[in-house]
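Report on one structure; see the data block that follows.
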Protein chains: 2
Amino acid sequence: MDQKCINNIIQANVVDELCDAIGYENILDKIEERVCYSFGDRKEKFIPELVITPHSTEQVSSIVIIANKHNISICQRGAGDGLSGDVVSINGGIVLDLKNMNRIVELNAKDLTVTVEPGIVIKDLQEEVAKLRLFYPPGQAGTEFSTIGGNVAESTGGMTGMKYGVTRDYVLALEIVLPDGSVINTGRKTLKSVAGYDLTRFFVGSAGTLGVLTKITLKLLPMPEKIATVKSFFKDIDSALNATDSILIKSHLHPRSLFFADKTCIDAVRDSAEEEIPEEVEVLLLIDVDGNEKNVANDISMIDALCRENGALNISIANSDKDRNTLWDIRKYLSLLLFKTSAMKFSKDICVPRSKVRVALKKINELSKSYSLQVAAFGNIGEGHINVNVICNNVKEVGTSVNNPVSQLLQEVVSIRETITSGQDVGEMKSGFKGLALAPHEIEIMTGLKKMFDPKGIMNPGNIFI
Amino acid sequence: MDQKCINNIIQANVVDELCDAIGYENILDKIEERVCYSFGDRKEKFIPELVITPHSTEQVSSIVIIANKHNISICQRGAGDGLSGDVVSINGGIVLDLKNMNRIVELNAKDLTVTVEPGIVIKDLQEEVAKLRLFYPPGQAGTEFSTIGGNVAESTGGMTGMKYGVTRDYVLALEIVLPDGSVINTGRKTLKSVAGYDLTRFFVGSAGTLGVLTKITLKLLPMPEKIATVKSFFKDIDSALNATDSILIKSHLHPRSLFFADKTCIDAVRDSAEEEIPEEVEVLLLIDVDGNEKNVANDISMIDALCRENGALNISIANSDKDRNTLWDIRKYLSLLLFKTSAMKFSKDICVPRSKVRVALKKINELSKSYSLQVAAFGNIGEGHINVNVICNNVKEVGTSVNNPVSQLLQEVVSIRETITSGQDVGEMKSGFKGLALAPHEIEIMTGLKKMFDPKGIMNPGNIFI
């Protein structure tokens, strides 16, 4: 394990200040406690100087004031499952673990809004609002442990974006502790609110570089009466994408999710799958529809017919939650199963316009051949999202050079489209691609904005692109 | 007519520079031409020094560079129907009329995106995308003449926000000419894109104070198979709002619009209405639903039953476009008919959480009585939007004092909720309410942002709150 303690030592008097402000019981300073926070999705491990677990906005404010005074960096951490290099503190300094700030502050069913603290786990929120037959559409593979704060800071996509939009569309208001420790409120708890500039959506996706989100007001929707899933196997990418076009474009159906997985993924899950998957299967599609009972039955019947028209080898339909979960298990365990077949997993997310998905998948396939590396691709292609994974069984394949074949392949994947992420590489990974996704003048503006909010650069230094 | 020419004279050499840059044919300098641009929704009229009508981003950039060099203010104007005090140039200077920049640059049906120039009229855009069975959900009473640029700059709400969201949710990418004349691109033409800070949504609603939007990429949706409308009359506000709650909360129906109008509105339209409206009618509800044919029939039937359960006096249902337009004519002509009954019309928009609509309407009614002024209220209450109009037949009622009864009433209306607008008072009107909607620290941040983008303060000076 490669551990670094970057020289950002926190002096004893500063620790005393922090104890006076928020209590020693909320500070982890022992090495065995701090090392747990050195893990993220980066190869290297970074141990923070201190880990602090505040319980309130006031405590967060006190911590930030002290850190600001002494030029100590602060990195925020929710579940720690972020894939953007944002959850570890590369400069030592403080890791702010928001797990204790996990309450539902206010839930208003009539207004379809909920205000939460950032450490609340998405799954817990969903369960609570479900009691009132409401739901929070943005969700993802990690909803069992991912936090709302993390998702909003990274502006994630979720699984139902094609019908319901993404996290950014659901954030109505924020309470933020700025890098100087002051507390502001942005937005309003109503659908329409335009007083001043839209700071709310500006902070969404800011990856902890502009402040700490301490309260988040989200829009909710009434839970649909019914959700159903169609699983369909295809013999090649073309027929699967033809089916997709038929469903989305020609038939004006409006699924809430449309997920695909390629041959490498299917081969990885084949042994673990409950059903037998024929050898000729090369693509899997999982399609969810929702609405009232009659509407869903109608849509499912149409999707079934369209898949068959486009050469589906096999179709399963699930109407109950239990059966639906069984079909979606493939998605849930995919990352783990791919990792199991590979000693090391490298991945990148890209988002392309839907009309370019076919071209993108073909290009990814060509890269796999030209680099002689096995690649697995899956994603919510209804939104143009593709997660590309390079399967490496041999460290030597990777090598130590910065321009090893895996890195080169993934760089080429990234350049398939000017957009390099769908929410999973907002942080450090992007700093190496500074020139790729943003024009120099745009980077200048964003740098200026960062400096305006955080002149000392204490909030998540090294992330986004600073 | 009260005309002002604020001392912001444009010297002859500057006019020459502009002519060299973009051609004299695009510059209006004669008084009789310029006076047409002095009208907006402000009481006072302001004649600009020059009106310029660019055709391209390059021309806009040239104009802004010259204006910046010589410290000349620029005010942008689309259809001129904005109600935020943004469409006239209070400092003389330049009015930039974007009517010639009205093209559809790119329409991509497969990706459900369209890129347009700011001067395109919303109705023209809708007609064009409708040919491909697509639609752009945010729309409003003025879609026949309002421009996309104006709507995005003011971050308007539209009529279908409760189901489809608002303008801000549909802007994917922007091309912007900044106050120094440089051109940047923000956002990406995909659903998920998080590279850097979300500048796109930051510019939405910036009311021309941060730059000129020269290209706008919008999300489209597949047109629903069917839209139907229910019109229902009620004898009082309570039964109408009970029906609303039943529809939205208890029955999990998902209308695309839910519009209400009070007794004053009904009295104003009574004589012009095609049908006879009984005297006891005090509230009108107009409810739109959409989806596939079967789904819509189901929803309409449920709404009809719920209205009856809550004491509806009369219900009409429209299934064809023609019949639907007839029902919605009331909304279309309401402002004109209210103005017809009143020598002067003063109005304010407020947006309250849906659960507060009942309280807000009661409060408005009380204000009307306590000030002895006739008030008409209508709006998309499904989203908590209420447009409050004071009907004045006598200038003396208004008086000349800053704190005349009408102003006082409207100030109290505004303070009913911390949010003072739903998109119709982003600009100057709000400058008088500086302390009402934003905390001092938030104003400080927004002022700082304005200064960062526009250090010389040339873009729409006096608007938002600077």
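Per chain, numbering begins at 1; letters A, B, ... match sequence-line order.
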Less than 4.5 Å apart, side chain to side chain, heavy atoms only: is that true for [X] and [Y]?
X        : Y        : result
A/Arg201 : B/Val204 : no
B/Pro353 : A/Thr113 : no
B/Thr209 : A/Tyr197 : yes
B/Glu442 : A/Asn185 : yes

Closest heavy-atom pair and its distance - [X], [Y]:
X        : Y        : result
A/Ser355 : B/Lys110 : CB-CB, 3.9 Å
B/Ser182 : A/His441 : OG-NE2, 2.8 Å
A/Asp111 : B/Arg354 : OD1-N, 2.9 Å

For A/Leu112, which atoms come within 4.5 Å of any heavy atom of chain B: side chain, backbone, both, or neither? side chain
Bottom line for A/Leu449: the part with an atom under 4.5 Å from chain B's heavy atoms is both
Please state whether the side chain, the backbone, both or neither of B/Phe203 comes within less than 4.5 Å of a heavy atom of chain A. neither
Go through the atoms of B/Leu178 and report whether side chain, backbone, both or neither lie under 4.5 Å from a heavy atom of chain A. side chain
Out of curiosity, A/Ile184 CD1 to B/Ile445 CD1, how far, rounded to the nearest 0.5 Å? 3.5 Å
Atom pair CD/CG of A/Glu225 and B/Leu253 - distance to nearest 0.5 Å: 10.0 Å
Relative to chain B, which of A/Phe453, A/Tyr164, A/Phe202 shows the most heavy atom pairs under 4.5 Å? A/Phe202
Among A/Thr186, A/Asn298, A/Asp299, A/Leu210, single out the residue with the greatest number of heavy-atom pairs under 4.5 Å to chain B. A/Leu210
